[in-house]
Amino acid sequence: AQSRRDWLSALAAGDGGDVVVSAPATDSEGRAVYPSPWLLELLAGDGTSLSATAVRTGTVTHLRLHRVGGVPSGGGTPLHVGERREQDAAAAHRAGVNLAHTALAQRDDLPLGRALETVRARRSDRLTEFDGNVAAVAGLPLIAHGLTGSGQSATGIQSWAACPFHFFMGRVLWVAGTEDVEDERWWQIDAAERGSLIHKILERFFGDVAASGRPEPGVAYGPEGVGRIEAIAVEEFEGAAARGVIGHPLVWENQRAVILADLRTLLRLDAEQRGAGGWRPAHLEQGFGMGEAAWLPVTVTLPDGRTVVLRGYIDRVDRAEGAFRVIDYKSGRDSKTEVSAANRLDGGRAVQLALYARAIRDQERAEGRPVPVVSALYWFCTTRGNFRQRQMVAGDDTDAALDDVVEGIDAGVRAGCFPQVPGAYQDFFGSWENCSFCEYDGLCPAGRDVLAETKSGDPALAPHRALQADQPGDEQ
């Protein structure tokens, strides 16, 4: 950042004048463009902090920030029919004529009419068929069955709570995601691949611990245990390399060392916690509702009598005297969000712990044993997540919260409510909270946060608003 400022200062001093830095408001296809972090740094030079969204939408003022309009195209003989159509449309616009009423927009063989309808609908204050309101066809079986008809996973339920449009694409229409072909992916291992790799190493290692019963709770893993997890890691690393997913060898060497260091830290912390609670690993990747060998599925009966079947796999289940502990590993950054019945499982965006704990409680009931005490935690098990744990104790209150969330999401799906919910814009990453790793990101308009805010008062959004009620900081 300093080198860029020095470069601009040198340019300004060269001719004794000022340097003008410009940024487009739209790209060549008319899509809105956000200003770069560089431009924001320049504007922040006097201590003023501006967000990319505020600068793009013009909701802030700054002495050094000026907005200019486009330059009207001149006349002249058009070079081809496409240019002639552009000139006709521009002339109609300058004359104040509604473009939707022009001959060009009325022709079914040209895209202008439908494009105008789409743009105007998206920019309106109503949730329309162009941005996630399919209530007009909610009677179709794909939508009418809601969450019933087939087994649902925690991930699927959470996706509607975070962004219903993502759920619509992936869980209703089953649209295949667009493959990420950015160079970054080939430079280093993908985040999802890295997470799967760590999960597999931990599954194999703690599977051995569960089978052998060693070490006892409170006993450190020692050199033998460390050597064993490192050997498993090396085998999994070789498999990842054979699949071609590790990225550039030099970058991978560093990431490989980080993963090994994190695994050693995790073993130390795990031994301390097992000793404190008398925990013994009992089940790894335990399925429920996933076939004959699995535990029973979790079922939620809706007010109208329909039943939602929930299924999945639990990363790890530990046992102690009269108690169980669920561990769900997370290889990314700490979410910094507490999950409880009081906040409705973070507005439905974090149902895994309540669901997994319910699976254990239901299984114990089914096998004729007393309902146990079940604690459940997200373990951000890497340096990136500071090895932080987010824990909850499951009970009747979390079961009721899970029922409430499932009922609300089912109602939203059946109502045809699938709005685009990007979340807050993150200047550092240059994307929105819910869009950074979304495979349907390219389907949504660039100014999606502004459009979503404009539509936030539409009654058609009521099912999603109801689920997010009382959640601090939530935005449509």
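Remember, it's a predicted structure, so these values are computed and weren't measured experimentally.
Contact annotation: the side chain of Phe380 never approaches that of Gln389 to less than 4.5 Å [non-hydrogen atoms, C-beta and beyond]. No side-chain heavy atom of Leu202 sits less than 4.5 Å from a side-chain heavy atom of Arg316. The side-chain heavy atoms of Asp315 and Ile327, taken from C-beta on, include no pair separated by under 4.5 Å. No side-chain heavy atom of Val317 sits under 4.5 Å from any side-chain heavy atom of Tyr356. Counting heavy atoms from C-beta on, the side chains of Val339 and Thr398 never come closer than 4.5 Å. At least one side-chain heavy atom of Val134 sits under 4.5 Å from a side-chain heavy atom of Ile143. By the 4.5 Å heavy-atom criterion applied to side chains, Val308 and Leu310 are counted as neighbours. A heavy-atom distance below 4.5 Å is found between the side chains of Arg358 and Val300.
Every residue two or more places apart in sequence or in another chain was checked for a salt bridge (Lys or Arg N to Asp or Glu O under 4.0 Å) with Asp397, and none qualifies. Residues forming a salt bridge (Lys or Arg N to Asp or Glu O under 4.0 Å) with Glu236 (at least two apart in sequence, or on another chain): Arg204. Residues satisfying the side chain to side chain donor-acceptor pair (under 3.5 Å) test with Asp334, not counting sequence neighbours, are Arg390. With sequence neighbours left out, Gln391 forms a side chain to side chain donor-acceptor pair (under 3.5 Å) with no residue at all. Residues forming a side chain to side chain contact (heavy atoms under 4.5 Å, CB included) with Ala401 (at least two apart in sequence, or on another chain): Ala341, Leu345. Gln426 pairs by the side chain to side chain contact (heavy atoms under 4.5 Å, CB included) definition with Phe429, Glu433, Ser436, not counting sequence neighbours. Under the rule for a side chain to side chain contact (heavy atoms under 4.5 Å, CB included), the partners of Ser124 that lie at least two apart in sequence or sit in another chain are Arg126, Thr128, Lys455. Take Asp262 and apply the side chain to side chain contact (heavy atoms under 4.5 Å, CB included) test, not counting sequence neighbours, and it matches Arg194, Val258, Thr382, Thr383, Phe387. Residues satisfying the salt bridge (Lys or Arg N to Asp or Glu O under 4.0 Å) criterion with Glu253, sequence neighbours excluded, are absent altogether.
Lys330 and Gln352 are linked by a side-chain donor-acceptor pair at a separation below 3.5 angstrom, with hydrogens and angles left out of the test. Checked by atom type, the side-chain pair Asp328/Trp379 shows no donor-acceptor distance below 3.5 Å.
Sorted by first and then second residue, the ring-ring contact (aromatic ring centres under 6.0 Å, His included) pairs with a member in residues 291-311 read His283-Trp295; sequence neighbours excluded. Every pair passing side chain to side chain donor-acceptor pair (under 3.5 Å) that includes a residue from residues 133-161 is listed here, sequence neighbours excluded: Thr148-Arg306.
The distance from atom CG of Asp346 to atom CD of Glu338, rounded to the nearest 0.5 Å, is 10.0 Å. Separating the CZ atom in Phe418 from the CG atom in Leu461 is a distance of 12.5 Å, to the nearest 0.5 Å. For the atom pair CH2 (Trp432) and SG (Cys444), the distance works out to 9.0 Å, reported to the nearest 0.5 Å. The CG atom of Asp399 sits 10.0 Å away from atom CG of Leu355, with the distance rounded to the nearest 0.5 Å.
For the pair Arg123 and Asp131, the salt-bridge criterion is not met [side-chain N within less than 4.0 Å of a carboxylate O].
Proximity of a side-chain donor or acceptor of Asp362 to a complementary backbone N or O of Val298 within less than 3.5 Å is not detected. Remark: side-chain polar atoms of His199 are paired, donor with acceptor, to backbone N or O of Gly195 under 3.5 angstrom.
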Using a 3.5 Å cut-off and no angle test, enumerate the donor-acceptor pairs between side-chain atoms of residues 161-177 and protein atoms at least two apart in sequence or in another chain.
from	atom 1	to	atom 2	distance (Å)
His166	NE2	Glu439	OE1	3.4

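By the 30° and 60° cut-offs, the orientation of the rings of Trp252 relative to Phe237 is perpendicular.
Considering all non-hydrogen atoms of both residues, Asp441 and Cys435 come closest at OD1-CB, 3.6 Å.
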